[in-house]
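Here's the structure we're looking at; comments come further down.
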Amino acid sequence: MSIQYEEEQNIFHLKAGGMSYAMQVVRGKYLAHLYWGRGIRSYEGSRSLIQKERVLEANPESGDKSFSLGTLPQEYPQYGNGDFRSCAFCVRDEAGSRISSLSYQGYKIEKGKPGLPGLPASFGKEPEAETLRIHLRDEAAGLDVFLLYSVFEKENVIARSVCFENRSQKELMLEKMMSMSLDIRESDFDVLTLYGAHNNERNPDRRPLKSGTIQIESLRGVSSPQQSPFMALLRKGTKEDQGEVFAANFVYSGNFQALAQADSFGNTRFQMGMNPWNGEWLLEPGESFWTPEVLLVYSDKGLNGMSHTFHRFIRNHLIRSPYGKQERPILINSWEAAYFDFTEEKLLALAGKAKEAGIELFVLDDGWFGKRNDESCSLGDWYENREKLPLGLHSLEQKIHSMGMQFGLWVEPEMISEDSDLYRAHPDYVLHTEGRPYTYGRRQLVLDLSRQEVCNYVLDAMEKVLSLAGIDYIKWDMNRHLTDVGSAFLPSKRQGEVFHRYVLGLYWILERLTANHPEVLFESCSSGGGRFDAGMLYYMPQTWCSDNTDPVCRIGIQYATSLIYPPVAMGAHVSASPSHQTGRISPLSTRGNVAMSANFGYELDLTKCTEGELLEISEQVRFYKEIRNTVQKGAFYRLENPFEGNTAAWEFVSEDGREVLAFRFTVLCRPNAPVEILKLQGLDEEARYQNAKTGEIYGGDELMYSGISIPPEEGDYRSGCFRFWRV
Ligand code: GLA
């Protein structure tokens, strides 16, 4: 049994994989957090909740000065009666009060993992998962709150979400509804988050939690490259391969907030959920509201341990597409090869060279529709540009297919250009606030997906695109953030819902489109990796990792992205040198090694490559086909951290443990440098491994503990791949 309830002490003990999570109903009313950490056979409460009188703390019971909600470690803390820390939820009643008092009502244990209405969510059947539903009630407000904990039997994962139900006869305004909150009875942590920007996504930020709050958020309407919806608490000294990690990742693509708050008595409040700012939701009598879910992951094997759990879990319990389990094709994308400037002839010439190199999928990026020759127009006009493609998309697609390649297309369906037929017909489709001027991003406006009518239009438009030609792949882009957020179709008291309704509208479209076309491979994109989150991965099994394809920058971006997401989820392309983003000149081999470490493709004008380069590209493609299974399905180990030095290294071990691939990168060449060592991980100590190139055979223990010598090489941005077979 994964969920145990011990009646005498009212303790819930959730056992997931190798971890335990324990809670207790205190005084018949309050849900306290007891423990989250390494697995315990039977949780009996040796570390009891000792409360003591503390001056300036408030007491819910007049006769007991030792008991205070302000010092009690809790699971879903409320506002207004003595807990002065960040509350997990806040409800305003019709009289304007924000005070809540929940009391425990009971629990239910269900087999499997339920879905969440209208939201992406992890899945697992019995016996893979079991779900605990704890019922709390605020009698005065007439509010029921259900806390859901889905425990995965074989993974160190608990998925948490919350459902609010208005059982009163009056309206309730949900002002804050975190998906998860818990108070760890310790505070000596480092907090790890990922921050960035366009072309510079996901940089790790590790800072000590001392006092007060470390908080990250997005208010951009999307999860954003500025902060990823991820936070981890690291025990001091935790490294890649050792130490304890308590991580939370949000399965949601809109505004979010995550925080770690140290109180004065050695507890850390850890919270994640939708951003409460301009994020209210009106709950009419009888209505319910579901929060998106948070994945809680525990590791006692350092950050690599955390990542292994995330990677496996995302592949097996989150990505719904049939491609989640299939090998992904090697693609060529037309964007950096031609930008907006192409003809059918030019595209076919590019496809021809790609085919010769062994590339499997041709993707026509931006510029194929409306009268689009630059960013200024046509978003919304999803029919082919007959000036550029006089024979139409269908003709192009047929020619590509007859070459023996798959055909893919770029779209940006959430957007509208002022200069478009769509805007001329439906200016009201724009997300905006009446009486206020528009704010632009990339000269474009956003469609108001909080309206069903607009969602119907988008779904319909995309169905038409998919019927224009035989399309095997869609790149779904989103190139600006939300401004002027408001809706003329909602009453004033529902204006705070627009941000979330936008995301729900997007999910409504994606749910239908991806279910109608399971044969299509979808890749999500938002000016590169600007919406790289678990919510999007639920619908689309891969995400364009960054517009920045400079290999040196990509090493860092992919390294940090791998903290949460498996390499197969990261689109990675070899592009031209000098790089279009940085101007850096780098060897083709290194561009290849970086891109090959993820979901591989090309994005450069192959018709301008030299014979030598084309030969090298064919060789890279051939090699990737050989290693693809291991890269896309194997276990991934980060070996050397590019954020800490001049080198980076990572390694893949195939599912069956037979193949080992280590990639190592040196950024700048150092004169008269020492011989460096690379130590492998994840091998069988007792097994022997043969170097695929040299034929030399070594023990797994030697390769891991003594390592391989890396001879110094001349030149900047060098890299190598070491391949071993277990013999
Ligand atoms: C965004 C994407 C790019 C490309 C362009 C096209 O920037 O991230 O990959 O598709 O849009 O306009």
Side-chain angles (χ1 to χ4, degrees), residues 196-202 220 222-226 253 331-342 346-347 350 361-382 384-385 388-389 407-417 419-420 440-447 462 465 471 473-481 521-533 536 540 542-551 553-554 557-558 561 569-576 579-582 591 595 598-605:
H198 175 241
N199 276 347
N200 182 23
E201 291 91 340
R202 288 171 294 283
R220 294 169 172 265
V222 298
S223 49
S224 92
Q226 275 69 24
S253 313
L331 66 80
I332 173 98
N333 179 298
S334 68
W335 182 241
E336 285 195 28
Y339 295 102
F340 292 106
D341 179 21
F342 56 80
K346 194 163 165 184
L347 295 175
L350 179 63
L361 161 66
F362 179 85
V363 179
L364 175 53
D365 207 276
D366 198 352
W368 61 268
F369 53 92
K371 57 183 178 72
R372 181 124 160 137
N373 288 314
D374 58 36
E375 300 170 348
S376 68
C377 69
S378 301
L379 292 168
D381 297 345
W382 300 111
E384 61 253 78
N385 178 334
K388 274 188 198 170
L389 301 172
F407 181 70
L409 204 58
W410 178 96
V411 288
E412 195 181 357
E414 297 160 68
M415 297 293 150
I416 180 167
S417 305
D419 180 4
S420 68
Y440 300 86
R442 209 192 189 200
R443 302 185 67 181
Q444 64 200 47
L445 301 166
V446 183
L447 285 171
M462 288 306 109
V465 166
I471 291 170
Y473 161 106
I474 287 281
K475 177 175 171 190
W476 182 293
D477 209 342
M478 198 282 185
N479 286 316
R480 60 156 295 179
H481 293 157
L521 172 60
F522 286 86
E523 177 157 345
S524 84
C525 172
S526 177
S527 298
R531 194 165 57 180
F532 204 140
D533 61 60
M536 295 313 282
M540 312 203 210
Q542 58 196 60
T543 304
W544 179 225
C545 203
S546 175
D547 277 351
N548 189 345
T549 47
D550 173 319
C553 301
R554 266 301 183 113
I557 295 171
Q558 291 174 205
T561 303
M570 305 175 204
H573 301 169
V574 171
S575 61
S579 155
H580 292 195
Q581 290 77 38
T582 61
R591 281 175 275 150
N599 196 325
F600 190 45
Y602 288 83
E603 190 162 336
L604 76 170
D605 190 350

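If you read the sequence from its start, that first residue is 1, and numbering goes on from there. Whatever order the structure lists ligands and atoms in, that order sets their numbers, starting from 1. Below, all heavy atoms of this structure are taken into account, side chains as well, without hydrogens, waters or symmetry copies.
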Just to be sure I'm reading this right: ignoring hydrogens, which of His198, Lys475, Glu412 gets closest to atom 9 (O) of ligand 1? Compare them by their nearest heavy atoms.
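Looking at heavy atoms only, Lys475 sits closest to atom 9 (O) of ligand 1.
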Run the numbers for me: atoms of ligand 1, each under 4.0 Å from some heavy atom of [X], listed by number.
{"X": "Gly528", "answer": "8 (O)"}
{"X": "Ser527", "answer": "7 (O), 8 (O)"}
{"X": "Trp544", "answer": "8 (O), 9 (O)"}
{"X": "Cys525", "answer": "2 (C), 8 (O)"}
{"X": "Asp366", "answer": "6 (C), 12 (O)"}

Does Lys475 use its side chain to pair, donor to acceptor, with the backbone of Val363 at less than 3.5 Å?
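Between the backbone of Val363 and the side chain of Lys475 there is no qualifying donor-acceptor contact (under 3.5 Å).
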Quick check against the 3.5 Å criterion: does Ser579 have a side-chain atom that pairs as donor or acceptor with the backbone of Gln581?
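Yes.
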Closest protein heavy atom (residue, atom, distance) for [atom]:
{"atom": "atom 1 (C) of ligand 1", "answer": "Asp477 OD2, 3.0 Å"}
{"atom": "atom 5 (C) of ligand 1", "answer": "Trp335 CE2, 3.6 Å"}
{"atom": "atom 10 (O) of ligand 1", "answer": "Asp365 OD1, 2.6 Å"}

Can you confirm whether Cys545 sits close enough to Glu201 that some side-chain heavy atom of one is under 4.5 Å from a side-chain heavy atom of the other?
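Counting from C-beta outward, Cys545 and Glu201 never come under 4.5 Å.
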Atom CG in Asp374, atom CZ in Phe340: separation rounded to 0.5 Å?
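The distance works out to 6.5 Å.
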Which segment of Asn333 sits under 4.0 Å of ligand 1 when only heavy atoms are counted
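Neither part.
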Under-4.0 Å heavy-atom contact with ligand 1, by part of Arg442 that carries it
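Within the 4.0 Å criterion, Arg442 contacts ligand 1 through side-chain atoms alone.
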Test your reading of the structure: does Asp547 have an N or O sitting under 3.5 Å from an N or O of ligand 1?
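Such a contact does occur with ligand 1.
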Determine, for [X] against [Y], whether the closest basic-nitrogen to carboxylate-oxygen distance falls under 4.0 angstrom.
{"X": "Glu375", "Y": "Arg443", "answer": "no"}
{"X": "Lys371", "Y": "Asp419", "answer": "yes"}
{"X": "Lys346", "Y": "Asp341", "answer": "yes"}

Asp550: salt bridge (charged side-chain N to carboxylate O under 4.0 Å, His left out) partners, not counting sequence neighbours:
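Salt bridge (charged side-chain N to carboxylate O under 4.0 Å, His left out) check on Asp550 returns Arg584.
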